[in-house]
Amino acid sequence: MVDLALTEITKAGVHHLENWLKDNDFSDITTRIWQAGAADITATGKTENILVQVKTVIHPNEQEPLNGTDKFALKELALRLEKVPYVAFLAIAEDKSLVGEIDWERLI
């Protein structure tokens with residue numbers, strides 16, 4: 001079993017999400033890794049401009065949902081940036097490859 005650092009897990013998730021955004025015609029992709037385990041991406045799309053908080057785990061671990069305080073903070077930041085807030089949940093294998101699909105949650 002490979003023991004990946006939280007920073008490595010976060011960077012792998014960010015990498016997969018950035019690729020997904022590029023493949024889906026998003027532009028002006030900007031990534032901010034705030035601390036180990038926390039990353040936000042802003043991107044400009046054809047139908048909406050988004051702010052995405054990236055949540056990545058090593059498969060088969062379960063995703064932890066955002067708590068109310070974190071959701072509020074993400075929505076407030078998105079409002080200030082004039083973006084639509086999302087959370088992207090990803091699972092990676094020990095070799096950092098994406099497992100399954102990216103699960104999206106749009107915060108309203």
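From a predicted model like this one, the values you see are computed outputs, not experimental measurements. Along the sequence shown, the residues carry numbers beginning at 1.
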Would you say Val87 and Leu81 are hydrophobically clustered, going by side-chain heavy atoms of ILVMFWY under 4.5 Å? yes
Answer yes or no: is there a side-chain heavy-atom contact under 4.5 Å between Gln63 and Lys55? yes
dist Thr47:OG1 -> Asp25:CG (nearest 0.5 Å) comes out at 10.5 Å
How many angstroms lie between CD in Glu62 and CZ in Phe89, if you round to the nearest 0.5 Å? 12.0 Å
Does any non-hydrogen side-chain atom of Tyr86 lie less than 4.5 Å from one of Glu48? yes
Identify the heavy atoms of Ile102 and Ala88 that sit nearest to each other, and give their distance. CG2-CB, 3.9 Å
Within one Ile-Leu-Val-Met-Phe-Trp-Tyr cluster: Leu98 and Trp104, side-chain cutoff 4.5 Å: yes
Could you please spell out the steps behind the side-chain contact (heavy atoms from CB on, under 4.5 Å) verdict for Asn49 and Glu82? CA-CA 8 Å; Asn49 301 327; Glu82 299 180 356; over 6 Å; no
Let me check something: do Leu66 and Leu17 share a hydrophobic cluster, defined by ILVMFWY side-chain heavy atoms less than 4.5 Å apart, either directly or through other members? no
Determine whether Leu4 and Val57 fall in the same hydrophobic cluster, where Ile, Leu, Val, Met, Phe, Trp and Tyr are linked whenever their side-chain heavy atoms lie under 4.5 Å apart. no
For Glu8, what residues pass the salt bridge (charged side-chain N to carboxylate O under 4.0 Å, His left out) criterion, not counting sequence neighbours? Lys96
Please answer: with hydrophobic residues joined when any side-chain heavy atoms are less than 4.5 Å apart, are Leu51 and Ile29 in the same cluster? no
For Glu18, the option from Thr31, Val52, Val54 that meets side-chain contact (heavy atoms from CB on, under 4.5 Å): Thr31
Output for pair (Trp20 CH2, Phe26 CZ), nearest 0.5 Å, gives 5.5 Å
Pairwise distance CG(Asp70) to CD(Gln53) - rounded to 0.5 angstrom: 6.5 Å
Side chains of Thr10 and Thr56, heavy atoms from C-beta outward: is any pair under 4.5 Å? no
Exactly one of Lys22, His15, His16 should register a side chain to side chain donor-acceptor pair (under 3.5 Å) with Asn19. Which one does? His15
Non-hydrogen side-chain atoms of Thr7 and Lys11 separated by less than 4.5 Å: yes
Sequence neighbours excluded, the answer for side chain to side chain donor-acceptor pair (under 3.5 Å) partners of Asp95 is Ser97
Only residue of Thr30, Asp28, Ile50 satisfying side-chain contact (heavy atoms from CB on, under 4.5 Å) with Thr42 is Thr30
Looking at Asn61 and Ile58, would you say the former's side chain and the latter's main chain have a donor-acceptor pair under 3.5 Å? yes
Candidate pair Val14 and Ile41, rule side-chain contact (heavy atoms from CB on, under 4.5 Å), full reasoning: CA-CA 8 Å; Val14 163; Ile41 297 176; 4.2 Å; yes
Please enumerate all residues that pass side chain to side chain donor-acceptor pair (under 3.5 Å) together with Lys71, with sequence neighbours excluded. Glu105
Measuring only between side-chain heavy atoms, which start at C-beta, is Lys83 closer than 4.5 Å to Thr44? yes
Of the non-hydrogen atoms in Leu90 and Gly13, which two are nearest, and what is the gap between them? CD2-O, 3.7 Å
